[in-house]
Amino acid sequence: MTVPEIAVPAGATSAASAPAESASAEVKPGTSVPVRTAPTARAGGSADSASPAGAAGADGQALRPHAEDAFAAELAALAAADDRPRPARWRLSPWAVATYLLGGTLPDGTVITPKYVGPRRIVEVAVTTLATDRALLLLGVPGTAKTWVSEHLAAAVSGDSTLLVQGTAGTPEEAIRYGWNYAQLLAHGPSRAALVPSPVMRAMSEGMTARVEELTRIPADVQDSLITILSEKTLPVPELGEEVQAVRGFNLIATANDRDRGVNDLSSALRRRFNTVVLPLPADTEAEVDIVSRRVDQLGRSLDLPAAPDGMDEIRRVVTVFRELRDGVTADGRTKLKSPSGTLSTAEAISVVTGGLALAAHFGDGVLRPGDVAAGILGAVVRDPAADRVIWQEYVETVVREREGWKDFYRACREVSA
């Protein structure tokens, strides 16, 4: 029997999805109802791509291209060289997905840049989870690249990282299940034409990877709408007496923040539906410096910032300050420190260095210097004006002042702290 389709009318508005093409097939109650959206063109892709078009400027260049667009050449090279078995509807084999994230060199000499710098086993477990019927939960403190890894996994597996639900305290159930075109609903009542699928519903019907960011920020009753989806692989539409069944290839990646424990903790029923992978902080200073320098280079090129010569010294200094205050002890282990209230994550270090590069490019001589990063470090450390400022001043006077080769940085810190 031919499986009918739910059509989404052009012009339908909902936080859950984009417009889709119309279908004329009749639907009988109780049948499985896949949802198909209309093909849309996007930068770097063809008109039959499954992903919606990214927002682009007048010159056609997106400010932040999706992973599948920014690294399209690498994904194409991997697909061409990939002769290993692929799960249903996967663009690449699990081995190729892991190679895309961790980096490597293909037989034809194509260099795959690392997207994630960390333990290989973590990536292998995450990719293997997606190849099963278990959903993946990426857990970690802020700045451990959960969203970054989630996006690149979806891009490598499905070729589309845009089926995204952003979790907030106000995320409604419709963002996960489905919504309605209210003009159609009021005019004709519940119907296929009035239904607006969520990103999760679209992923189920198309065999794609859906993403839910900041799962623990979502209210508990909305979180639990995922239980039936993840356990039964079906999404009932009681208003129409129908359901959407997930096709092979569907899975879901969620991210959650360690700092948000106690905000909206996951129920035990929902947690059992996930395989949890904890993303750690970078193991050592060298690993974190590598991560920051790579990402700053990417951001600098996308923002047309000139490359800063000898910038590695300041990157290393920023990373050292963040790690020492985060760990509560100096790198040599001799001096115990008080930790500020902020997370001082790798992502914040990237932001501080990128801001410093912009200062050096637009208001300096193009060389990244201590004065270019000092203000950014102060802003990242001092979140609580009372307690954190005392911690920062103590660190500056007891550690920075006495450290060899840090005199210029000490003066810059004193200047911005005055």
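- The shortest side-chain heavy-atom distance between W148 and R295 falls under the 4.5 Å cut-off.
- The cationic group of K115 lies under 6.0 Å from the six-membered ring centre of F71 and within 45° of the ring axis, placing it in a cation-pi geometry.
- Side-chain contact, T168 with T171: a donor N or O sits under 3.5 Å from an acceptor N or O.
- Heavy atoms only, all atoms of each residue included: L102 and G118 are closest at CD2-O, 4.3 Å.
- The nearest pair of heavy atoms linking E206 to V247 is C-CG2, 3.8 Å.
- Distance alone, capped at 3.5 Å, places no donor-acceptor pair between the D82 side chain and the L92 backbone.
- The side-chain tip of R403 points at the ring of W406 from less than 6.0 angstrom away and within 45° of straight on.
- Here CG of L378 is found 8.0 Å from SG of C413. Values are rounded to the nearest 0.5 Å.
- Separating the CG atom in D388 from the NZ atom in K338 is a distance of 11.5 Å, to the nearest 0.5 Å.
- Donor-acceptor pairing under 3.5 Å is recorded for the side chains of D160 and T162.
- Here T132 contributes atom OG1 and L130 contributes atom CG; the two are 7.5 Å apart, rounded to the nearest 0.5 Å.
- Considering only heavy atoms from C-beta on, L138 comes within 4.5 Å of I253 through its side chain.
- Considering every non-hydrogen atom in both V296 and I350, the closest pair reads CG2-O, 3.9 Å.
- Under the ring-ring contact (aromatic ring centres under 6.0 Å, His included) criterion, the residue pairs touching residues 100-126 are Y100-H152, with sequence neighbours excluded.
- Judged by distance alone, the side chains of S341 and D384 never bring a donor and an acceptor atom under 3.5 Å apart.
- Between the R248 side chain and the A88 main chain, no donor and acceptor come within less than 3.5 Å of each other.
- Side-chain contact, Y178 with E239: a donor N or O sits under 3.5 Å from an acceptor N or O.
- Residues E74 and T113 bring a donor and an acceptor atom of their side chains to less than 3.5 Å of each other.
- A salt bridge links E288 and R326; the closest N-O separation between the charged side-chain nitrogens and carboxylate oxygens is under 4.0 Å.
- From R192, atom CZ reaches atom CD of E242 across 7.5 Å, with rounding to the nearest 0.5 Å.
- T216 and N257 share no donor-acceptor pair across their side chains, judged by distance under 3.5 Å alone.
- Between the side chains of T209 and N251, no donor-acceptor pair is found at a separation under 3.5 Å.
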Step by step, would you call V329 with T335 a side chain to side chain contact (heavy atoms under 4.5 Å, CB included)? CA-CA 6 Å; V329 64; T335 306; over 6 Å; no
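- Within the 4.5 Å cutoff, no side-chain heavy atoms of P340 are placed close to those of V382.
- E68 and S161 are linked by a side-chain donor-acceptor pair at a separation below 3.5 angstrom, with hydrogens and angles left out of the test.
- Side chain of D372 to backbone of R369: a donor-acceptor contact under 3.5 angstrom is found.
- The distance from the CZ atom of R273 to the OG atom of S231 is 4.5 Å, given to the nearest 0.5 Å.
- In terms of modelled atom types and a separation under 3.5 Å, the side chain of S339 and the main chain of L325 share a donor-acceptor contact.
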Evaluation steps, side chain to side chain contact (heavy atoms under 4.5 Å, CB included), between T110 and I112: CA-CA 6 Å; T110 301; I112 305 300; 4.1 Å; yes
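- A salt bridge is defined here as a Lys NZ or Arg NE, NH1 or NH2 lying under 4.0 Å from an Asp or Glu carboxylate O, and D313 with R317 fails to meet this definition.
- Considering CG of L337 and CG of D327, their distance stands at 9.5 Å, rounded to 0.5 Å.
- Residues K146 and V141 come closest through the heavy atom pair NZ-O, 3.0 Å.
- Here the side chains of L226 and L215 are in contact, with some heavy-atom distance below 4.5 Å.
- Side-chain contact of T343 with E348: a donor-acceptor pair under 3.5 Å is present, judged by distance alone.
- Between L153 and L136 the shortest side-chain heavy-atom distance falls below 4.5 Å.
- Taking all atoms of both residues into account, the shortest heavy-atom contact from I176 to S198 is O-OG, 2.7 Å.
- No side-chain heavy atom of S345 sits less than 4.5 Å from a side-chain heavy atom of T144.
- A salt bridge links R64 with E151: at least one charged nitrogen is closer than 4.0 Å to a carboxylate oxygen.
- For the pair F409/V321, a side-chain contact is recorded, criterion being any heavy-atom separation below 4.5 Å from C-beta on.
- Contact between S225 and R177 at its shortest, heavy atoms only, is CB-CD, 4.0 Å.
- Judged by distance alone, with hydrogens and angles left aside, the side-chain atoms of S205 form a donor-acceptor pair with the main-chain N or O of R202 at under 3.5 Å.
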Pair Q223, L266 - check side chain to side chain contact (heavy atoms under 4.5 Å, CB included), show working. CA-CA 8 Å; Q223 289 177 11; L266 303 184; 3.2 Å; yes
Taking it one step at a time, do I229 and T234 satisfy side chain to side chain contact (heavy atoms under 4.5 Å, CB included)? CA-CA 5 Å; I229 294 172; T234 185; over 6 Å; no
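- Ion pair E286/R323 not flagged as a salt bridge, since none of the NZ, NE, NH1 or NH2 atoms sits closer than 4.0 Å to an Asp/Glu carboxylate oxygen.
- At a threshold of 4.5 Å between non-hydrogen side-chain atoms, the residues L195 and Q184 do not count as touching.
- Ion pairing of R211 with E213 is present here, as a side-chain N (NZ or NE/NH1/NH2) and a carboxylate O approach within less than 4.0 Å.
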